[in-house]
Amino acid sequence: SFAANFPQPTGYVNDFAGMIEQEWKEKTEALIQEIEKQTTVEIAVVTVTSLEGLSKEEYAIQLAEQWGIGKADKDNGLLLLIAKQEREYRFEIGYGLEGTINDAKAGRIGRNVLVPYFKTGNYGEGVYRTIEEVGRLVGGDPETAAEYADEKKAIINDYTGLIVFVYF
């Protein structure tokens, strides 16, 4: 498969598709910095207009590799990729984080937090609330950890933990 032509990162929140209001962008940047300070986890949010013919998985993996998201020695990066045209999203999670936030848990965050906001067109707040939930999980918040520990609830769509949202 061909390599997509990736833009260069501009910070933690890279809104190449112009979906996130400035206020939410700033709040999310500050939140990501705070999470990194407390946990060393590196988070990047990327919106793109189109996946350029790649699957969301291929695009996310190539982007994460090209940008080097996550500390190399810890492989603790997390990428949230949102494709506007395809109406798809994908969490790409470094191996170093899989004990804390696996695909099933990321999938639940996507379904419970991201998708409802996106369905109402509140992309900026949806991204912020999603990262907030990720932060609680990687930060070891006991209540959040307990909530996500019951994996039986999360069996639906567990095969990848990813869902395509149909309505923006």
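The chain is numbered in sequence order, starting from 1.
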Heavy-atom pair with the smallest gap, counting every atom of [X] and [Y]:
{"X": "L81", "Y": "L63", "result": "CD1-CD2, 4.4 Å"}
{"X": "V48", "Y": "Y59", "result": "CG1-OH, 3.5 Å"}
{"X": "G18", "Y": "T47", "result": "N-OG1, 4.1 Å"}
{"X": "A83", "Y": "E86", "result": "CB-OE1, 3.4 Å"}
{"X": "G107", "Y": "Y89", "result": "O-OH, 4.3 Å"}
{"X": "G110", "Y": "P116", "result": "O-CD, 4.3 Å"}

Side chains of [X] and [Y]: closer than 4.5 Å at any heavy-atom pair?
{"X": "K56", "Y": "L51", "answer": "yes"}
{"X": "V127", "Y": "I82", "answer": "yes"}
{"X": "W67", "Y": "V46", "answer": "yes"}
{"X": "N76", "Y": "T39", "answer": "no"}

Report yes or no: do I61 and F6 belong to one cluster of Ile/Leu/Val/Met/Phe/Trp/Tyr joined by side chain heavy-atom distances under 4.5 Å?
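Different clusters.
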
Quick one: does any side-chain atom of [X] pair with a main-chain N or O of [Y] as donor and acceptor, under 3.5 Å?
{"X": "D15", "Y": "M19", "result": "yes"}
{"X": "N14", "Y": "A44", "result": "no"}
{"X": "S50", "Y": "Q85", "result": "no"}
{"X": "Q38", "Y": "G139", "result": "no"}

Who passes side chain to side chain contact (heavy atoms under 4.5 Å, CB included) against K25, sequence neighbours left out?
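So K25 forms a side chain to side chain contact (heavy atoms under 4.5 Å, CB included) with V13, I20, Q22, E29.
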
Could I get the full list of side chain to side chain contact (heavy atoms under 4.5 Å, CB included) partners for D141, not counting sequence neighbours?
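In terms of side chain to side chain contact (heavy atoms under 4.5 Å, CB included), with neighbours along the sequence ignored, D141 is linked to R136, E143, T144.
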
Would you check if the distance from the ring center of F118 to the ring center of Y123 is below 6.0 Å?
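F118 vs Y123: aromatic centres under 6.0 Å.
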
For N102 and I93: C-alpha separation, side-chain torsions, deciding distance, then whether side-chain contact (heavy atoms from CB on, under 4.5 Å) applies.
CA-CA 7 Å; N102 57 16; I93 300 158; over 6 Å; no

What's the spacing between K105 NZ and E98 CD if we round to 0.5 Å?
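One finds 11.0 Å between NZ of K105 and CD of E98.
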
To the nearest 0.5 Å, how far apart are CD in E125 and NZ in K27?
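It comes to 7.5 Å.
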
Can you check side-chain contact (heavy atoms from CB on, under 4.5 Å) on V45 and I32, steps first, answer last?
CA-CA 9 Å; V45 174; I32 290 173; 4.1 Å; yes

Going by the angle between their ring planes, with limits at 30° and 60°, are Y128 and W24 parallel, tilted or perpendicular?
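Y128 vs W24 ring planes: tilted.
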
Given the rule in the side-chain contact (heavy atoms from CB on, under 4.5 Å) test, do Y12 and T28 qualify, once you have shown the distances and angles that lead to the verdict?
CA-CA 8 Å; Y12 296 102; T28 305; over 6 Å; no

Of I101, I69, I35, which meets side chain to side chain contact (heavy atoms under 4.5 Å, CB included) against L78?
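Result: among I101, I69, I35, I101 is the only option passing the side chain to side chain contact (heavy atoms under 4.5 Å, CB included) with L78.
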
Do the side chains of R90 and E92 get close enough for a salt bridge, i.e. N-O under 4.0 angstrom?
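Looking at R90 and E92, the cut-off is met.
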
Y148 six-ring face occupied by R108 cation (under 6.0 Å, within 45°):
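Yes.
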
Go through F91 and T130 one step at a time and tell me if the side-chain contact (heavy atoms from CB on, under 4.5 Å) criterion holds.
CA-CA 11 Å; F91 288 97; T130 299; 3.7 Å; yes

